[in-house]
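Positions are given from 1 along the sequence. Indexing begins at 1, ligand by ligand and atom by atom, following the structure's order. These figures come from a predicted structure and were not determined experimentally.
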Amino acid sequence: MPANLPPEAQAKLAEYSEARTTEAKIKALEEFLKVAPKHKGAENLLYWAKRRLAELKEELETERRKKKGGRNPFVVEKEGAAQVVLFGIPNSGKSSIIAATTRAKVEVSPRPYTTLVPATGMLPFEDIQFQLVEAPGVAPGVNWIHRSIGLVRNADAVALVIDLSLNPMKQYKYLKELLEESGISLKKPEGKVEIIKERSGGVKVVLLGEILDGDVDKVKEMLRAYRLHSATVKIYGKVTMDDIEKAILGTSQYKPSIILLNKADVPGAKEKVEEFLKSYDGEAPVLVVSAKTKEGLDKLGPTLFELLELVRVYTKKPHGDIADKPLVLKKGAKVRDVAKSIHSRMLEGFKYAKIWGPSAKYPGERVGLDHEVKDGDIIEIHYKG
Ligand SMILES: Nc1nc2c(ncn2[C@@H]2O[C@H](COP(=O)(O)OP(=O)(O)O)[C@@H](O)[C@H]2O)c(=O)[nH]1
Ligand SMILES: [Mg+2]
């Protein structure tokens with residue numbers, strides 16, 4: 001809690017919030033980290049400061065490159081249905097997996113640290129594609145770890161690439177901890193905290209779920225301690241006070257993940273997989289693969305599709321042909337989201353939609369904006385244009 005921060009740490013935080021330039025913000029946060037307390041109660045704040053510092057450094061780098069007329073190679077623009085970052089130690093086979101599953105020409109090398117600029121490739125799955133992005137290999141002591149983590153933060157999902165010629169559990173724990181330290185959680189949260197900052201009106205708490213170790217007054221007290229005087233806090237499902245603090249600081253983000261145990265072809269791999277699965281307690285799906293023999297890699301596309309909870313809908317104009325490329329939306333999407341993703345005019349002038357496929361009661365059913373679409377639906381939107 002910021003309330004029991006020593007005065008010099010408070011002062012540095014104030015300096016940070018008043019700083020105008022990226023350089024000044026970086027300086028204030030670095031000084032804050034030097035004087036901040038290291039006890040359990042300040043953990044979330046420390047994570048926040050570290051993460052913010054890494055982001056600011058990355059912003060500074062982007063600003064510098066822009067001035068020189070270039071762009072930051074560590075920001076990879078999204079393409080395809082979703083962006084999936086391959087995250088692992090050097091030499092775990094990230095480049096090899098991209099080379100084995102996409103048409104991209106990537107450099108595979110037995111020398112570590114080959115990939116300092118992210119390699120990318122498009123993985124086809126049925127009629128869509130996933131963008132695979134290789135994050136520079138992470139290991140204790142390498143100094144671009146925050147860049148690799150930044151790539152994970154901006155992606156739709158992360159694949160932990162683990163080398164079966166080494167100790168898989170040790171790598172898994174290391175990778176998971178690196179991400180957790182940066183506020184990226186691989187576990188789907190049971191509840192959700194949403195904080196909407198307002199200009200005035202005080203703090204309102206909308207309790208649509210349950211606070212396991214506190215109550216509405218405690219939430220208000222915590223917001224005051226963080227100097228949030230006007231905000232609406234919405235709580236869904238089961239949450240803890242720690243979750244609420246993380247939401248205030250923006251330090252916790254759930255990232256869907258899969259685990260790729262790579263190099264399944266090496267001697268002893270089978271025993272290591274068994275060993276790993278015995279003590280693995282995560283929720284992420286585990287695929288045993290080999291970039292060398294391509295074993296198991298055919299499951300990558302379908303597993304990602306399932307993990308990302310996507311639906312594909314095919315649009316059609318009245319009396320026209322069905323689009324051969326689908327729109328890709330999140331599971332739970334409604335006709336409203338389909339219309340919005342095509343054109344705002346379609347939503348504003350919406351009259352009705354006709355649906356064929358899995359979500360239709362009968363072919364050509366007429367539905368409204370609140371109708372939930374399903375994977376494989378064909379949709380025809382009628383609107384006043
Ligand atoms: N036996 C075996 N070797 C692999 C496999 N995948 C990658 N390698 C080797 O591991 C080394 C590092 O691969 P690379 O893809 O460059 O790793 P990265 O640093 O994670 O991108 C290279 O010598 C690859 O040939 C695999 O599935 N089986
Ligand atoms: Mg590589």
J.: My understanding is that we take every heavy atom of each candidate and find the minimum distance to atom 2 (C) of ligand 1. Doing that for Asp265, Asp163, Thr293, which one comes out nearest?
T.: Asp265
J.: Numbering the atoms of ligand 1 from 1, which are under 4.0 Å from a heavy atom of Lys292?
T.: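 This gives 1 (N), 2 (C), 26 (C), 27 (O), 28 (N) as the contact atoms.
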J.: Do other residues, nucleotides or ligands put more than 12 heavy atoms under 6.0 Å from the NZ atom of Lys316?
T.: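 Yes, NZ of Lys316 has more than 12 neighbouring heavy atoms, counting only those of other groups under 6.0 Å.
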J.: Could you check whether any side-chain N or O of Thr102 sits under 3.5 Å from a backbone N or O of Ala99, counting only pairs where one atom can act as donor and the other as acceptor?
T.: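 Not confirmed, Thr102 side chain does not pair with Ala99 backbone.
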J.: If you draw the axis of the six-membered ring of Phe350, does the NZ or CZ of Arg336 fall within 45° of it and under 6.0 Å from the ring centre?
T.: no
J.: Of all the heavy atoms in Gly88, does at least one lie under 4.0 Å from an atom in ligand 1?
T.: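 Contact absent.
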J.: Determine the interplanar angle of the Tyr352 and His382 rings, folded into 0 to 90°, and report it as parallel if under 30°, tilted if 30 to 60°, perpendicular if over 60°.
T.: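 Ring orientation, 0 to 90° scale: parallel.
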J.: Answer side chain, backbone, both or neither: which part of Val161 comes under 4.0 Å from ligand 1, heavy atoms only.
T.: neither
J.: Closer than 4.0 Å to some heavy atom of Ser96 - which atoms of ligand 1 meet that?
T.: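 Matching atoms, with element in brackets: 6 (N), 7 (C), 13 (O), 14 (P), 15 (O), 24 (C).
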J.: Answer yes or no: is there a side-chain heavy-atom contact under 4.5 Å between Val76 and Gln131?
T.: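 Answer yes - side chains close enough.
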J.: Near Glu134, which atoms of ligand 1 are under 4.0 Å from a heavy atom of that residue?
T.: 18 (P), 21 (O)
J.: By number and element, which atoms of ligand 1 are closer than 4.0 Å to a non-hydrogen atom of Asn262?
T.: 5 (C), 6 (N), 27 (O)
J.: Output yes when the distance from some N or O of ligand 1 to some N or O of Gly93 is under 3.5 Å, and no in every other case.
T.: yes
J.: Indicate, as side chain, backbone, both or neither, the part of Val266 found under 4.0 angstrom from ligand 1 when only non-hydrogen atoms are considered.
T.: side chain
J.: Taking 4.0 angstrom as the limit and counting only heavy atoms of Ala291, give me the atoms of ligand 1 inside it, by number and element.
T.: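 It comes down to these atoms of ligand 1: 6 (N), 26 (C), 27 (O).
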J.: Output the atom name for the N/O/S atom of Glu134 with the smallest distance to the Mg ion (ligand 2).
T.: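 Nearest to the Mg ion (ligand 2) within Glu134's N, O and S set: OE2.
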J.: Let me check your reading of the structure: within less than 2.8 Å of the Mg ion (ligand 2), is there an N/O/S atom from Asn91?
T.: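 No, Asn91 does not qualify, because none of its backbone or side-chain N, O or S atoms lies under 2.8 Å.
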J.: Got a sec, which residues hit salt bridge (Lys or Arg N to Asp or Glu O under 4.0 Å) with Lys57, two or more places apart in sequence or on another chain?
T.: Glu30
J.: Would you call the rings of Trp48 and Tyr16 parallel, tilted or perpendicular, where under 30° means parallel and over 60° means perpendicular?
T.: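 Trp48 and Tyr16: perpendicular rings.
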J.: Evaluate side-chain hydrogen bond (donor to acceptor under 3.5 Å, both in side chains) for Gln171 paired with Ser92, printing each intermediate quantity in order.
T.: CA-CA 10 Å; Gln171 290 168 72; Ser92 52; 5.6 Å; no
